[in-house]
Amino acid sequence: MKKLLACLFAAVGLFVFAACGTSNGAGKTVANVIKEENMVIITIEEVDGEPTLLDVMNDLKDGGKLTFTVLADGMVASIEGKENAADWSAVWMLYTSDSEMADASFSIEWQGESCGSAVVGANALGVLAGERYIWYYQSF
């Protein structure tokens, strides 16, 4: 009888452990990506922890939903195969709907929503649920 109970408890323990380890996406930051000409829009649906935009972008890259490269200094060099111009006449600029992290004096509009230029780079910009982060390939 003791062996049967021990086996039962072991089986229940394994089931509980396995169930906890299978999150099916729960407990992760959830982001949607829309790609338009010269623009990539990342909308954050749910946030787990304190990820930066670069963390989210790396997750999207790992999932095959986004391609990009970053220079050693942390600057984004290309998105979806489109590289910053060598003479800096056209580069990827980051905008956000998060008014706390945006400079509204430099803004773009997307679907009726104004997004200001991000005041920090993707590697320092913490994401928030419900906010948009827009990469815009801008010519100067």
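We count residues from 1, following the sequence as given.
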Do [X] and [Y] have side-chain atoms, one donor and one acceptor, less than 3.5 Å apart?
{"X": "Asn38", "Y": "Lys82", "value": "yes"}
{"X": "Glu131", "Y": "Ser97", "value": "yes"}
{"X": "Asp98", "Y": "Thr96", "value": "no"}
{"X": "Gln138", "Y": "Tyr95", "value": "yes"}

To check you understand the geometry: which heavy-atom pair defines the closest contact between [X] and [Y], and what is its length?
{"X": "Ile44", "Y": "Ala31", "value": "CD1-CB, 3.9 Å"}
{"X": "Val47", "Y": "Leu128", "value": "CG2-C, 3.8 Å"}
{"X": "Ala129", "Y": "Glu45", "value": "CB-O, 3.7 Å"}

Common cluster, [X]/[Y], ILVMFWY with side-chain heavy-atom separation under 4.5 Å:
{"X": "Val120", "Y": "Phe106", "answer": "no"}
{"X": "Met101", "Y": "Trp110", "answer": "no"}
{"X": "Leu54", "Y": "Val91", "answer": "no"}
{"X": "Met75", "Y": "Phe68", "answer": "no"}
{"X": "Met93", "Y": "Trp88", "answer": "yes"}

Tell me whether [X] contacts the main-chain N or O of [Y] through its side chain, where contact means a donor paired with an acceptor under 3.5 Å.
{"X": "Glu46", "Y": "Val30", "value": "no"}
{"X": "Trp135", "Y": "Val76", "value": "no"}
{"X": "Thr29", "Y": "Asp48", "value": "yes"}
{"X": "Tyr133", "Y": "Ala118", "value": "no"}
{"X": "Thr52", "Y": "Asp55", "value": "yes"}

Item checked: Intermediate values then yes/no, side chain to side chain contact (heavy atoms under 4.5 Å, CB included), Ile34 and Glu36 -> CA-CA 7 Å; Ile34 297 172; Glu36 296 182 357; 4.2 Å; yes

Checklist line | Heavy atoms of other groups near Glu50 CD, more than 12 under 6.0 Å | finding: no

Non-hydrogen side-chain atoms of [X] and [Y] separated by less than 4.5 Å:
{"X": "Thr43", "Y": "Val33", "answer": "no"}
{"X": "Ile134", "Y": "Met39", "answer": "yes"}
{"X": "Ile79", "Y": "Lys35", "answer": "no"}

Check: Can you tell me how far the SG atom of Cys115 sits from the CD atom of Glu109, to the nearest 0.5 Å?
Finding: 9.0 Å

Check: Say you draw a straight line from OH of Tyr136 to OG of Ser117; how long is it, rounded to the nearest 0.5 Å?
Finding: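 Tyr136 atom OH to Ser117 atom OG measures 13.0 Å (nearest 0.5 Å).
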
Notebook entry, point to check: When you look at Gln111 and Ile41, which way does the side chain to side chain contact (heavy atoms under 4.5 Å, CB included) test go after all the steps?
Noted result: CA-CA 11 Å; Gln111 293 190 348; Ile41 302 95; over 6 Å; no

Next item on the list: Run the numbers on Ile42 and Arg132 for side chain to side chain contact (heavy atoms under 4.5 Å, CB included), then give the verdict.
Entry: CA-CA 6 Å; Ile42 300 171; Arg132 289 191 211 304; over 6 Å; no

